[in-house]
Amino acid sequence: MKGWTSRGFALVALVMQLAGLGLETAAVTSGQQRPHLIYLLADDYGWNNVGFHASEALTPNIDRLATVDGFELSHLYAYRFCSPTRSSLMSGRLPYHVNQDNSATWGWTLPTIDLRMKTLPQKLQEAGYYTVQAGKWHCGLAKQEFTPAGRGFNESLTMLMGSERHFTQTNGGPNHTMHVDLWHTDAPAVGMNGTYSANLFGGYAVDAIHTHHAVRPNTPLFMYLAFTVTHSPEEAPDQYVNLYPTEWLPGRRLYMGMASALDDAVGNVTAALHSAEMWENTLLIFSSDNGGPALVGGDSNANNHPLRGGKGNAFEGGTRVLACASGGLIPSVQRGRKLPVPMTGHIAMADFYMTFCTLSGHPDCTDSPGNGVPPSESYDMWPLLSGATEASPRTETVLEFRPSSNATPSLLHDAALVQGDWKYIQGRQSGTGWWWGPEYPNSSVKLLPTSLGCPDGCLFNISADVTEHNDLSASYPRIKATLQARLAQLGATTFQSDAMGTIDAAGALSAAERDDWWKPWL
């Protein structure tokens, strides 16, 4: 097979490294297929809304991924809201180096990931993978070349914008005019909408797995399944809502019903991988895209206890997301653990770019376009996932560096940096940096977004104080000053992908009205 020599050597070296440590591994050898790589991304899923964090959450399939069949990724950082996290995963760059200013709501306001950046699916296609995307995209839609099929996926069934009605796949868009938002590779997915979204996108993934096994049995699969639940609007089939106590607040029951519907869809995907005899050669990552929404307006009934804050701010509850690694590729000695262990670094969403690419055997997993475009900054986490090391190579991450919409001359703009055990965070942080109890929400009266945040900058030791209660600025002024200066230095390199003149609400709406369908219009 042409190109196998360079790719195969990388994989053989990986296996030899693990074998030298005496670890059991299902990693591929030169006589086996390269691993199937699966990323399951939940939307707005709260830290305390999953069974392996809270027993009230009925999510047995996800729990199994994090315990029996894999382990919890206890310190994975994402962005404070949806789209920048997705751009980070696809580009191998931290959000402030790709697309952090993307709208959190409507796709027509989004620039795509800079076209000079090579995406993860494009890298994996070069390595010989068949690539499938299902679910939420939120990385550009004005042109077909911005859609999943234009950025490296062989096929997709996708919601192009940021949210939808889960039973109809309709989306308000500009002027809140409802049209269907469902795109099938390169055309409107006519006749495919009208199924609850977790079942729709999960079902497409199941079918794609079985088709792949039947038609392309010797080709490795990369699947990116980005569920649209548990994002608002809070909607779920009665069979899932009725799993939860009637004395709970309606919004809490609905949100947890969405979580259980998500869990069933995840179980169907893992069952398909087993049925297709692909599981034993699979690495599967499951995570949320940001913390759960608790105070961001509208439907906001997630719970991030014991973490502070949630979607829309850079406190731990907004950026440290629930996650796990699973699949037959995970050595049995790793299962049931929590990694990284405390005080040994952390993981960022961007790191799965290098991790997946390296496992694919691609000879060059870096991406350096030049001409002012930041290079990829992803770390290979397979040595950590496989047990070859206990420590993550990532010890520093800019969580955000952006002007706050609520900024005044007396306030620092919103920004945050994690470095080792220390976290420096500044700005008002949307006024939502509250703490939640284990039974949240337990009142129909919501806290107002009036939290002061960190107008003068806060310093936390997040290993000793995971709940971010104790600002240590007065005790460690030199550390605070050092981190503040480092954040300013890194923030000076902020890069925003260019919209290239495609932010056009009128053009998007005009095209949608012709066919009652949101779609590329340029």
Side-chain angles (χ1 to χ4, degrees), residues 1 4 7-8 10-12 14-15 18 24-41 60-62 64-71 120-121 123-135 148 152-157 198-199 201-227 262-287 323-332 334-335 352 355-362 382 385-386:
M1 177 177 175
W4 169 244
R7 298 169 185 167
L11 292 165
V12 171
L14 172 66
V15 177
L18 294 172
E24 177 187 341
T25 176
V28 294
T29 68
S30 58
Q32 296 175 313
Q33 284 188 334
R34 286 159 291 163
H36 306 296
L37 303 169
I38 311 292
Y39 204 110
L40 306 183
L41 188 66
N61 296 300
I62 299 171
R64 184 178 180 90
L65 295 179
T67 54
V68 177
D69 292 337
F71 56 86
L120 174 59
K123 283 282 193 182
L124 296 180
Q125 279 186 334
E126 290 175 353
Y129 276 65
Y130 188 81
T131 57
V132 176
Q133 186 271 348
F153 286 100
N154 292 102
E155 62 173 276
S156 73
L157 180 67
N199 300 333
F201 295 121
Y204 184 87
V206 167
D207 290 343
I209 289 167
H210 287 304
T211 298
H212 185 81
H213 176 63
V215 176
R216 296 174 292 273
N218 297 316
T219 301
L221 173 68
F222 169 55
M223 176 175 285
Y224 171 46
L225 171 52
F227 290 101
L262 167 68
D263 183 75
D264 258 11
V266 168
N268 291 338
V269 171
T270 58
L273 290 168
H274 280 284
S275 175
E277 299 181 341
M278 295 167 62
W279 178 261
E280 291 304 317
N281 195 33
T282 289
L283 173 62
L284 184 149
I285 304 295
F286 174 89
S287 81
C324 58
S326 192
L329 208 66
I330 297 294
S332 60
Q334 293 292 87
R335 297 170 191 169
F352 292 106
T355 304
F356 279 18
C357 183
T358 300
L359 283 170
S360 79
H362 195 296
W382 178 245
L385 304 184
S386 65

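- Phe286 CZ to Thr270 OG1: the interatomic distance, rounded to the nearest 0.5 Å, is 11.5 Å.
- No side-chain heavy atom of Leu120 sits less than 4.5 Å from a side-chain heavy atom of Phe352.
- In this structure, the side chains of Val266 and Leu225 stay at 4.5 Å or more apart for every pair of heavy atoms.
- Put simply, the side chain of Thr282 gets close to the backbone of Met278: a donor and an acceptor are under 3.5 Å apart.
- Thr131 and Tyr224 form no side-chain donor-acceptor contact under 3.5 Å, judged by distance and modelled atom types alone.
- Here the side chains of Trp382 and Leu359 are in contact, with some heavy-atom distance below 4.5 Å.
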Notebook entry, point to check: Going through the distances and angles, do Phe356 and Leu283 end up as a side chain to side chain contact (heavy atoms under 4.5 Å, CB included)?
Noted result: CA-CA 9 Å; Phe356 279 18; Leu283 173 62; 3.9 Å; yes
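- Between Tyr130 and the options His212, His36, Glu155, a side chain to side chain donor-acceptor pair (under 3.5 Å) holds for only Glu155.
- A pairwise comparison of heavy atoms in Trp279 and Leu65 identifies CH2-CD2, 3.8 Å as the closest pair.
- Note that the NE2 atom of His274 and the CD1 atom of Ile209 stand 10.5 Å from one another [nearest 0.5 Å].
- Side-chain atoms of Gln125 come within 3.5 Å of backbone atoms of Gly152 as a donor-acceptor pair (strictly under, hydrogens ignored).
- Minimum interatomic distance between Ala265 and Phe227 (heavy atoms only, all atoms of both residues): CB-CE2, 3.6 Å.
- The minimum heavy-atom distance linking Pro220 with Gly128 is given by the pair CD-O, 3.8 Å.
- Looking only at side-chain heavy atoms (C-beta outward), Pro121 and Phe222 come within less than 4.5 Å of each other.
- A heavy-atom distance below 4.5 Å is not found between the side chains of Asp69 and Ile330.
- Put simply, CG on Asn281 and CG on Leu37 are 9.0 Å apart, with the number rounded to the nearest 0.5 Å.
- Val269 approaches Ala205 most closely through the heavy-atom pair CG2-CB, 4.2 Å.
- Between Gln133 and Pro148 the shortest heavy-atom distance is OE1-CG, 3.6 Å.
- One distance of note links CD of Glu126 with CG of Leu124; it measures 9.0 Å at 0.5 Å rounding.
- Here the OG1-NZ distance, from Thr358 to Lys123, works out to 10.0 Å after rounding to the nearest 0.5 Å.
- Ser360 contributes a side-chain N or O that, together with a main-chain N or O of Cys357, makes up a donor-acceptor pair within less than 3.5 Å.
- Between Val132 and Asn154 the shortest side-chain heavy-atom distance does not fall below 4.5 Å.
- Side-chain contact between Asp263 and Pro60 is present, with at least one heavy-atom pair separated by less than 4.5 Å.
- No side-chain heavy atom of Ile285 sits under 4.5 Å from any side-chain heavy atom of Leu40.
- Side-chain N/O atoms of His213 and Glu277 include no donor and acceptor closer than 3.5 Å.
- Between the side chain of Asn268 and the backbone N or O of Gly202, no donor-acceptor pair lies under 3.5 Å.
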Check: Between Tyr204 and Ser156, does a side chain to side chain contact (heavy atoms under 4.5 Å, CB included) hold up when you go through it step by step?
Finding: CA-CA 9 Å; Tyr204 184 87; Ser156 73; 5.8 Å; no
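- Closest of all the heavy-atom pairs between His210 and Ala272 is NE2-CB, 3.8 Å.
- Counting only distance, with no hydrogens or angles, the side chain of Asn218 and the backbone of Gln33 share no donor-acceptor pair below 3.5 Å.
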